[in-house]
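Report on the following structure.
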Number of protein chains: 2
Amino acid sequence: MCGMFITMKEKPYLTPKQERVLNFIRKRVGERLPPTIREIGEELGFKSTGTVRDYLKVLIQKGLVKRMNSKSRAIELTERASFKIPIIGTIMAGKPNLAYEEIQGYVDADDLFLGRLGFDDVFALRVKGDSMVDAGILDSDIAIIKKRPNADNNDIVAALLDNNEVTLKRLRSKGGKFHLEAANPSYAPIFEEFKVIGKLITVIRKY
Amino acid sequence: MCGMFITMKEKPYLTPKQERVLNFIRKRVGERLPPTIREIGEELGFKSTGTVRDYLKVLIQKGLVKRMNSKSRAIELTERASFKIPIIGTIMAGKPNLAYEEIQGYVDADDLFLGRLGFDDVFALRVKGDSMVDAGILDSDIAIIKKRPNADNNDIVAALLDNNEVTLKRLRSKGGKFHLEAANPSYAPIFEEFKVIGKLITVIRKY
DNA sequence: TGACATACCACACAAATGTGTGGTATGTTC
DNA sequence: GAACATACCACACATTTGTGTGGTATGTCA
C-alpha cells in the first residue's frame, strides 16, 4: 500500500454536497444553458447566493470549473465538451473524398445517441460479457439506454433480474409471456422474474 | 423535373443579414455560451439593442430560434445540439441507481469518438455489408475513422482498393506483406493493391 | 485553545441584461 | 399611395444576475 506510485490523474476530493453542485452544473451545461447562481441555489435548496458562491469558489479552486467574472451564466466545466464529426461518405459506396467539400452532414451526439429524446430519459451502461455477441454487442461496449418500463417483442432491453443484477438481453414474447434471450447460443434463455428498465437505442465501441 | 413533389422540409428564407445573426448564435452556442443581446449587437455592429431584438423576433418567427423571456442568454437553436450522457453503472455489475447522486461520469462526444484527437483527423463512414460481422460491426453501423496512411497488424482499417472502392477490413501482415481480411468466413482475404486511409477508432450503432 | 474547512443565511449594491416605446430610411408589392 | 418588410438608432426602465460584507454553527486537527 505504501510506496505505491500514483500514475492516475488525481481526482480532487469533493464532499457529497460539492458533488451535487457540480453534477447540477454538468446537467445544465449539457442540457442547454449553464445556470445562474440563483438557479443553482434554487435547485440545491440554498437560500443565499453567497452560499452558492462559496461552492463555486471551491470548485474553481479544485480546478473543476472556470468562470468569467461579472458575466451571467459564465460557468465552464474543465472537462472537455462535445462537438461534431463530419460524415464524409458511406463505406463501399465509392471513394470518399476527404476534403471538406464532400461533407454530407454531421454526426452529433444528440443525433447519434438519442434522436429526439430528452436528457433525463437516457443513460449509459458499459457492457460486460459476451452474451450478446451475435447481435454485434461486445464486451466493454457502451450501451445507451432509454428508460422505459416496457418494450416490444425483439427489442434489446436492459432488465433488472431478481438478484438485483442488470443485464442486456433481447425481449421475446411467447404465448403472451415475456422472457429474455441472449444473442449467443451458449447462454440459456431467462424465464425468471425480471423488470425492464430501458430499451437499447445505441451501441458505441471504442478501439 | 417539373411537377416534382417536394417532400423535404423547406428551409425558411433568410436575408444575408439574418443569416449572419443566426450564424453568430450558432457559433456561440457551439463554442460555449449563447450570447446576450448586447453581445450579438457588438459582434454584428449594431448600436441598438432594439435592432438585435428585431432580428431575434424574425428568427423566432421563422422557427429557427427559441427564447425564454427575461432570462439572460436564453437563446436556443431549434436545430439540435450535442450534449452529454451520464454513465450510471456498468451492466451486470449490480443494480444501477438512476438518481443523480449515482452518476459515475459523463460520456461525451469528444471522449467517446476521439480520445484526444483533433477534429481534422477524424471522419465518419456508414458501414455497408456484413463482411465484418464477426468483429461486431454490422450493416449500417457508423464507423469513426482516424485518418492515417498506415496502421499496425490486426488493426481494423478503412482501405482504398484499386477499383476506387473504400472498404473496412482487418489489416494483416504475413511474411512482411500486408493484406486485408474480412471478419466473416464467407469473404476471401484481399491480396490486391490497397491503400490505408485510416484506422477504425469507434463504432456506433443506432437502434 | 486557535486555526481552518464545511456549510450555511441575510441583505445591500452594482453591473449586466432584457423590455419597450418611438423614431428614421429604403425598398417592394398591389 | 397604402401596406408591409427590412434595416437600423436612441434611450429609459425593469429585471436578472453577480459581488461583497458580515454573520452563525459545526466539526476536525494539532
Checklist entry - Hey, mind stepping through V21(B) and V58(B) against side-chain contact (heavy atoms from CB on, under 4.5 Å) and telling me if it holds? => result CA-CA 11 Å; V21(B) 173; V58(B) 303; over 6 Å; no

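- When the C1' atoms of four end pairs are superposed on the next four at each end of the helix from dT1(C)-dA30(D) to dC30(C)-dG1(D), using five pairs per end, the two resulting axes differ in direction by 30°, to 10°.
- Between S70(A) and P16(B), it is P16(B) whose nearest contact on DNA chain D lies nearer the 5' terminus.
- Within the 4.5 Å cutoff, the side chain of L180(B) has heavy atoms near those of the L171(B) side chain.
- Residues that satisfy the ring pair (Phe, Tyr, Trp, His ring centres under 6.0 Å) test with F178(A), not counting sequence neighbours, are absent from this structure.
- Side-chain polar atoms of K66(B) and T78(B) form no donor-acceptor pair below 3.5 angstrom.
- Between the P atom of dG18(D) and the CG atom of L56(A) lies a distance of 9 Å, rounded to the nearest Å.
- The closest side-chain heavy-atom distance from L77(B) to L64(B) is not below 4.5 Å.
- If you take CZ of R73(B) and P of dT17(D), they are 11 Å apart, rounded to a whole angstrom.
- Taken to the nearest 0.5 Å, the CG atom of D155(A) stands 11.0 Å off from the OH atom of Y207(B).
- Scanning for side-chain hydrogen bond (donor to acceptor under 3.5 Å, both in side chains) contacts around D54(B) gives an empty result, with sequence neighbours left out.
- Contacts between residues 47-55 of chain A and DNA chain C, defined by a heavy-atom separation under 4.0 Å, are made by K47(A), S48(A), T49(A), T51(A), D54(A), Y55(A).
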Name each donor-acceptor pair under 3.5 Å that joins a side chain in residues 36-53 of chain B to protein atoms two or more places apart or in another chain, with its distance.
residue : atom : partner : partner atom : Å
T36(B)  : OG1  : E39(B)  : N            : 3.1
E39(B)  : OE1  : R28(B)  : NH1          : 3.2
E39(B)  : OE1  : T36(B)  : N            : 3.0
E39(B)  : OE1  : R73(B)  : NH1          : 3.1
E39(B)  : OE2  : R73(B)  : NH2          : 3.4
S48(B)  : OG   : G50(B)  : N            : 3.0

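- Atom CD1 in I37(B) sits roughly 16 Å away from atom P in dT15(D) (whole-Å rounding).
- When DNA chain C is scanned 5' to 3' for any atom under 4.0 Å from a heavy atom of chain B, the first and last hits are dT17(C) to dG20(C).
- Within the 3.5 Å criterion, the main-chain N or O of M132(A) finds no donor-acceptor partner in the side chain of N184(A).
- Side-chain atoms of L200(A) and V157(A), non-hydrogen and from C-beta on, never get closer than 4.5 Å to each other.
- Looking at which nucleotide of DNA chain D each of P35(A) and F46(B) is closest to, the 5′-most match is held by F46(B).
- Between R170(B) and E181(B) there is no salt bridge, since none of the side-chain N atoms of the basic residue sits less than 4.0 Å from a carboxylate O of the acidic one.
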